[in-house]
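Notes for the one structure printed next.
So you know, we letter chains A, B, ... as the sequences are listed, proteins then strands, and number each from 1. Hydrogens, waters and symmetry mates play no part in the numbers below; they use all other heavy atoms, side chains included.
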Protein chains: 2
Amino acid sequence: MDKLNVKIAGEIALSEAPGSTMKKWREIFGITQAELGEHLKISASTISDYEGNRRKSPGIVVVHRFVDALIALDTGKGGSVTRRFREQEQETKFFEAGEFTQAVNAADFAKLIDAKCVVNSEILGQKKLYGYTLLDSIKVIMEMPYTEFPKLFGASPERAFIFTEVSTGRSPMVVVRVTQMKPSVIVMHKLEKVDKLAVKIAQVEKIPILTTKIDIEEMKGRLQKI
Amino acid sequence: MDKLNVKIAGEIALSEAPGSTMKKWREIFGITQAELGEHLKISASTISDYEGNRRKSPGIVVVHRFVDALIALDTGKGGSVTRRFREQEQETKFFEAGEFTQAVNAADFAKLIDAKCVVNSEILGQKKLYGYTLLDSIKVIMEMPYTEFPKLFGASPERAFIFTEVSTGRSPMVVVRVTQMKPSVIVMHKLEKVDKLAVKIAQVEKIPILTTKIDIEEMKGRLQKI
DNA sequence: ACCCCACTTCGACAATAGCCAAACCTCCCG
DNA sequence: CGGGAGGTTTGGCTATTGTCGAAGTGGGGT
């Protein structure tokens with residue numbers, strides 16, 4: 001059952017003037033009484049009766065059909081309203097952080113996620129991780145306001161940054177270079193060969209770079225088990 | 001209108017078997033038909049009629065009363081169920097963030113919320129604020145998962161952290177000291193005298209501390225106007 | 001001025017909700 | 001075993017809902 005549907009239905013059901021609430025939602029969806037009536041196979045005047053609060057306690061079946069009709073008609077038109085509400089619901093998520101309950105050695109971490117160390121492998125074993133942050137590199141770079149950057153650290157800066165949607169791996173490293181964010185380890189998801197500048201940055205910053213090809217959900221699952 | 005109420009009402013309204021859903025919720029609340037009936041001044045058998053789905057489309061007024069009764073009865077018993085759901089549903093409710101549309105000087109900000117600067121007042125005028133974060137200090141320390149910390153920053157780290165429910169002000173400052181969160185200004189709500197260690201931390205971190213006694217809702221109102 | 005569209009208002013009527021009381025189940029427990 | 005607590009079932013009565021169509025209102029647009 002969809003959250004938006006439940007919300008609309010709930011609002012109508014708890015309203016002192018259910019009809020007015022129905023009207024509000026119909027208008028939000030930009031649907032005319034006639035359209036609605038046609039879809040529901042009832043006359044437009046019936047809709048108006050409801051919206052005018054002629055029925056003080058419409059049955060929930062009416063409410064149910066009403067809500068479904070709004071969604072269905074909206075979907076038929078491209079679903080713009082529905083989409084807007086769904087988007088509103090989920091706060092823009094640029095990243096996902098997780099913490100480990102105990103320190104994890106970076107080399108063990110690499111094994112866990114089937115990763116290969118492509119840069120600075122000699123210092124990998126020295127790094128400890130207390131958590132990880134999964135980031136969509138495109139989104140981080142293109143959409144995330146720079147003021148959000150400090151957020152990426154989560155509880156501890158001693159963590160792995162796992163970049164997804166990387167092409168050459170250069171941009172993520174540039175970001176690491178020019179900002180305060182200095183993770184212990186960087187994982188590039190599904191990266192073929194690492195950009196030269198990226199390698200240089202990693203060396204200067206003394207951050208090992210790992211690459212892995214396992215599925216993201218699979219990876220999250222494995223990390224959760226720590 | 002409360003979210004939990006809307007959710008229950010919405011679920012009932014959209015259910016194929018509304019009575020069963022009503023029953024489910026009554027049981028979740030651990031209320032007997034008799035209790036419910038008494039509260040609603042209808043017979044228990046009527047409740048059973050509904051729960052047995054004898055009415056295919058109960059009116060929303062019935063649903064409304066039903067939901068209200070559940071909440072009221074639960075509240076009368078201490079509100080444990082209600083509380084549990086609220087906690088479950090809003091993990092992010094540890095804090096409330098707001099952004100200003102323009103930079104605000106910290107000294108002006110202090111005036112706006114009737115605050116007095118008790119530490120580092122000489123640098124107050126140098127600080128700029130782009131937003132604020134209201135936090136319940138007890139909750140933040142006791143209940144907030146580490147992974148939520150980064151969210152506190154909102155759009156910009158140059159903001160005021162307004163701690164409510166403070167006793168001496170020491171713990172919030174310790175948190176600031178040991179984590180990455182370094183706001184521009186810290187406001188302690190209704191704090192009598194500031195703890196000595198807190199003062200020291202503030203000096204080390206160069207963060208002014210303000211205190212104010214105005215009502216929180218009043219404060220939110222004033223901040224919204226910026 | 002005229003018309004169309006979106007919407008409102010209202011009388012009518014069959015179908016259903018809303019409610020009760022009384023009888024009936026079913027555990028659980030001393 | 002006996003009884004009480006919690007729940008279900010059913011017939012029955014009245015108040016409302018669910019629905020229509022016809023007639024009416026008001027704001028554009030041409």
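Salt-bridge formation is not detected for the pair Glu16(B)/Lys56(B): no Lys NZ or Arg NE/NH1/NH2 atom is positioned less than 4.0 Å from an Asp or Glu carboxylate oxygen. A salt bridge links Glu11(B) with Lys24(B): the distance from a Lys NZ or Arg NE/NH1/NH2 to an Asp or Glu carboxylate oxygen falls below 4.0 Å.
At least one side-chain nitrogen or oxygen of Arg65(B) sits closer than 4.0 Å to the OP1 or OP2 atom of dC19(C). A sub-4.0 Å separation between OP1 or OP2 of dC19(C) and a side-chain N or O of Tyr50(B) is present. Between dC7(C) and Ser48(A), no contact under 4.0 Å exists linking OP1 or OP2 to a side-chain N or O. The phosphate of dT16(D) has neither OP1 nor OP2 within less than 4.0 Å of any side-chain N or O from Arg54(A). At the phosphate of dT8(D), OP1 or OP2 sits under 4.0 Å from a side-chain N or O atom of Lys23(B).
Between the CD1 atom of Ile42(A) and the P atom of dT8(C) there is a distance of 14 Å, given to the nearest Å. At whole-Å resolution of the value, CD1 in Ile47(A) and C1' in dC5(C) are 16 Å apart. At whole-Å resolution of the value, CD1 in Ile31(B) and P in dA5(D) are 19 Å apart. The distance between atom CG of Leu36(B) and atom C1' of dC19(C), rounded to the nearest whole Å, is 15 Å. Distance CE (Met22(B)) to P (dT8(D)): 12 Å, rounded to an integer number of Å.
Counting any heavy atom pair closer than 4.0 Å across all strands shown, Thr32(B) reaches sugar-phosphate atoms only and no base atom. Residue contacts shown for Gly59(B) are limited to sugar-phosphate atoms, with no base heavy atom under 4.0 Å away.
Side-chain contact between Val187(A) and Phe109(A): present, with at least one pair of heavy atoms (C-beta onward) separated by less than 4.5 Å.
On a pure distance criterion of 3.5 Å, no polar donor-acceptor pair joins the side chain of Arg55(B) and the base of dT17(D). A donor N or O paired with an acceptor N or O is found under 3.5 Å between the base of dC20(D) and the side-chain atoms of Asp49(A).
Mapping Gln33(B) and Thr46(A) onto DNA chain D by nearest heavy atom places Gln33(B) closer to the 5' end of the strand. Remark on DNA chain C: of its neighbouring residues Lys56(B) and Ala44(B), the 5'-side contact belongs to Lys56(B), judged by nearest-heavy-atom nucleotide.
Between the His189(A) side chain and the Ile214(A) main chain, a donor and an acceptor come within less than 3.5 Å of each other. Of the possible polar contacts, none joining the Arg159(B) side chain to the Leu129(B) backbone as a donor-acceptor pair under 3.5 Å is found.
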